[in-house]
Visitor: 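My structure is below; once you've seen it, I'll send some questions.
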Amino acid sequence: MITLFHRPKSRSTRFIFLLEELEAPYKIQLVTTRSRDGTGAVDPANPHPLGKVPAISDDGAVVFESPAIALYLTDKFPKNRLGPLPGEPGRGAYLSWLSYYTGVLEPAFMSKFMNVEVPRGTAGWAPVDEAVSAVVNALSPGPFMLGERFSSADVLYGTTFAMFGQSPMMPKSRVIEDYVQRIVTRPCFARAQERDSG
């Protein structure tokens, strides 16, 4: 049984979506976290080392950080084919796009949000326009990050783009707008929204 440590309307909501897509057995444990304004507190029940969400426990085995959780879950629950397994075609692209999400895309957005110039010679990420351009190139053949195959990478990217689509930080792209519609119209996305409050 997977326990999802969850705060409503946060990054952990996407893992309700993924768990529904995987048809995996899970329960939601609501936890508190610090808020952006400094209020709130770390919940001692939350196993994430920084008291953030998402984190999961698989009968005591703790996994945290979105790409690690996505990879763990798709390897553990392969029935619905939401991630290529070791040795299967597309595994390299799958691992790369999962890593790109937190290694490049999130830092790019955070740099723009904080109005900090990306240190081009040393940073492992790029400005938002470049970071998003690479995603648009991957999505252009469509319909998903891995081509015809919906995967947990789409859960990460699609939910992020849905959340920030109207933000001035987000470059406008018809490819991404169409992609977001393919993600948010999935029945499991709607079920995740319904279960978001726990």
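These values consider heavy atoms only, across backbone and side chains, with no hydrogens, waters or symmetry-generated copies.
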Visitor: Quick one: are P8 and L30 in side-chain contact, heavy atoms under 4.5 Å?
Guide: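 With C-beta onward as the side chain, the pair touches.
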
Visitor: Give the minimum heavy-atom separation between L146 and G90, together with the two atoms involved.
Guide: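 For L146 and G90, the tightest heavy-atom pair comes out as CD2-O, 4.5 Å.
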
Visitor: Using the rule given for side chain to side chain contact (heavy atoms under 4.5 Å, CB included), can you reason through D196 versus H6, listing the C-alpha separation, both sets of side-chain angles and the distance that settles it, and then say yes or no?
Guide: CA-CA 8 Å; D196 185 53; H6 173 61; 3.2 Å; yes

Visitor: With hydrophobic residues grouped by side-chain heavy-atom distances under 4.5 Å, do F5 and I56 end up in a single group?
Guide: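 No, separate clusters.
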
Visitor: Hydrophobic cluster membership, with links at side-chain heavy-atom distances under 4.5 Å among I/L/V/M/F/W/Y: are V104 and L98 in one?
Guide: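 Linked within one cluster.
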
Visitor: With rounding to the nearest 0.5 angstrom, report the CG to OG distance, D129 to S173.
Guide: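 Atom-to-atom, D129:CG and S173:OG are 11.0 Å apart.
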
Visitor: Out of curiosity, I183 CD1 to D154 CG, how far, rounded to the nearest 0.5 Å?
Guide: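 Reported value, rounded in 0.5 Å steps: 4.5 Å.
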
Visitor: Report the distance from atom CZ of R149 to atom CZ of R81, rounding to the nearest 0.5 Å.
Guide: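 Those atoms lie 4.5 Å apart.
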
Visitor: Determine whether the side chains of N80 and E23 contain a donor N or O and an acceptor N or O closer than 3.5 Å.
Guide: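 There is such a pair between these side chains.
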
Visitor: So L85 and T74, do their side chains get closer than 4.5 Å, heavy atoms only?
Guide: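 Heavy-atom side-chain distance check fails, nothing below 4.5 Å.
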
Visitor: Less than 4.5 Å apart, side chain to side chain, heavy atoms only: is that true for F64 and P49?
Guide: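 Yes, side chains in contact.
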
Visitor: What distance do S111 atom OG and E106 atom CD have between them, rounded to the nearest 0.5 Å?
Guide: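 Nearest 0.5 Å value for the OG-CD distance: 11.5 Å.
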
Visitor: Between R182 and D178, is the closest basic N to carboxylate O distance under 4.0 Å?
Guide: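 No, this pair does not count.
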
Visitor: Check the hydrophobic clustering (I, L, V, M, F, W, Y; side-chain heavy atoms under 4.5 Å; chains of links allowed) and say if L139 and F164 are grouped together.
Guide: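 No, no single cluster joins them.
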
Visitor: In the structure I gave you, are the side-chain heavy atoms of T160 and R11 within less than 4.5 Å of one another anywhere?
Guide: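 Contact flag for T160/R11 side chains = no.
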
Visitor: If you look at every heavy atom in P127 and A108, which pair is closest and at what distance?
Guide: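 Residues P127 and A108, closest heavy atoms: C-CB, 4.2 Å.
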
Visitor: Linking I/L/V/M/F/W/Y whenever any side-chain heavy atoms sit under 4.5 Å apart, do M163 and V53 land together?
Guide: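 No, it is not one cluster - the side chains of M163 and V53 are not joined through contacts under 4.5 Å.
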
Visitor: More than 12 heavy atoms of other residues, nucleotides or ligands under 6.0 Å from CG of N115: yes or no?
Guide: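 Atom CG in N115 is not packed in, count stays at 12 or less.
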
Visitor: Looking at every non-hydrogen atom in both residues, tell me the closest pair between Y94 and A153 and how far apart they are.
Guide: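 For Y94 and A153, the tightest heavy-atom pair comes out as CE1-N, 4.1 Å.
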
Visitor: Side chains of F15 and I2, heavy atoms from C-beta outward: is any pair under 4.5 Å?
Guide: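 They are not in contact (no side-chain heavy atoms under 4.5 Å apart), so the answer is no.
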
Visitor: Distance check, rounded to the nearest 0.5 Å: K9 atom NZ versus S197 atom OG?
Guide: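 OG of S197 is found 8.0 Å from NZ of K9.
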
Visitor: Could you give the distance from CD (E20) to SG (C188), rounded to the nearest 0.5 Å?
Guide: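 So the CD of E20 and the SG of C188 are separated by 5.5 Å.
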
Visitor: Would T13 and Q193 count as a side chain to side chain contact (heavy atoms under 4.5 Å, CB included) here? Give the steps.
Guide: CA-CA 8 Å; T13 304; Q193 302 310 301; 4.0 Å; yes

Visitor: Can you find a pair of side-chain heavy atoms, one from I16 and one from R191, that are under 4.5 Å apart?
Guide: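 Contact flag for I16/R191 side chains = no.
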
Visitor: Does the side chain of R34 come within less than 4.5 Å of V42's, by heavy atoms?
Guide: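 Counting from C-beta outward, V42 and R34 do come under 4.5 Å.
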
Visitor: Could you please spell out the steps behind the side chain to side chain contact (heavy atoms under 4.5 Å, CB included) verdict for L18 and L82?
Guide: CA-CA 9 Å; L18 178 57; L82 293 184; 3.9 Å; yes

Visitor: In this structure, are over 12 heavy atoms from other groups packed under 6.0 Å from M114 atom CE?
Guide: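 No - once you tally the heavy atoms of other residues, nucleotides and ligands closer than 6.0 Å, there are 12 at most.
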
Visitor: So, applying side-chain contact (heavy atoms from CB on, under 4.5 Å) with M145, which one of W97, Y101, Y100 is it?
Guide: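 Only one of W97, Y101, Y100 forms a side-chain contact (heavy atoms from CB on, under 4.5 Å) with M145, namely W97.
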
Visitor: Which atom names give the shortest non-hydrogen contact between A55 and H48, and what distance separates them?
Guide: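 Scanning both residues, the minimum pair turns out to be CB-CB, 4.1 Å.
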
Visitor: Do you know which two heavy atoms are closest between R14 and S66, and how far apart they sit?
Guide: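 Residues R14 and S66, closest heavy atoms: NH1-OG, 3.4 Å.
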
Visitor: Please list, chain by chain and in numerical order, all residues satisfying ring pair (Phe, Tyr, Trp, His ring centres under 6.0 Å) with F144, sequence neighbours excluded.
Guide: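 Expected list: F150.
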
Visitor: May I ask you to test the L105-Y157 pair for a side-chain heavy-atom distance under 4.5 Å?
Guide: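 Yes, side chains in contact.
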
Visitor: Quick check: does any side chain N or O of S35 sit under 3.5 Å from a backbone N or O of G38, one acting as donor and the other as acceptor?
Guide: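 No, because the side chain of S35 does not come within donor-acceptor range (under 3.5 Å) of the backbone of G38.
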
Visitor: Does K172 have more than 12 heavy atoms from other residues, nucleotides or ligands lying within 6.0 Å of its NZ?
Guide: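 Correct, the count exceeds 12.
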
Visitor: Of all residues at least two apart in sequence or in a different chain, which pass the ring pair (Phe, Tyr, Trp, His ring centres under 6.0 Å) check with F189?
Guide: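 Ring pair (Phe, Tyr, Trp, His ring centres under 6.0 Å) list for F189, sorted by chain: F17.
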
Visitor: Under a 3.5 Å distance rule, please check whether T33 uses its side chain to pair with a backbone N or O of K52 as donor and acceptor.
Guide: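 Checking the backbone N and O of K52 against the side chain of T33, no donor-acceptor pair under 3.5 Å is found.
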
Visitor: Please give me the minimum heavy-atom distance between M170 and I176, naming the atom from each residue.
Guide: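 M170 and I176 have their closest heavy atoms at CE-CD1, 3.7 Å.
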
Visitor: In the single-linkage hydrophobic clustering (I, L, V, M, F, W, Y; side-chain heavy atoms under 4.5 Å), do V116 and V128 co-cluster?
Guide: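 Yes.
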
Visitor: Can you name the ring pair (Phe, Tyr, Trp, His ring centres under 6.0 Å) partners of Y26, sequence neighbours left out?
Guide: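 Ring pair (Phe, Tyr, Trp, His ring centres under 6.0 Å) check on Y26 returns nothing, list empty.
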
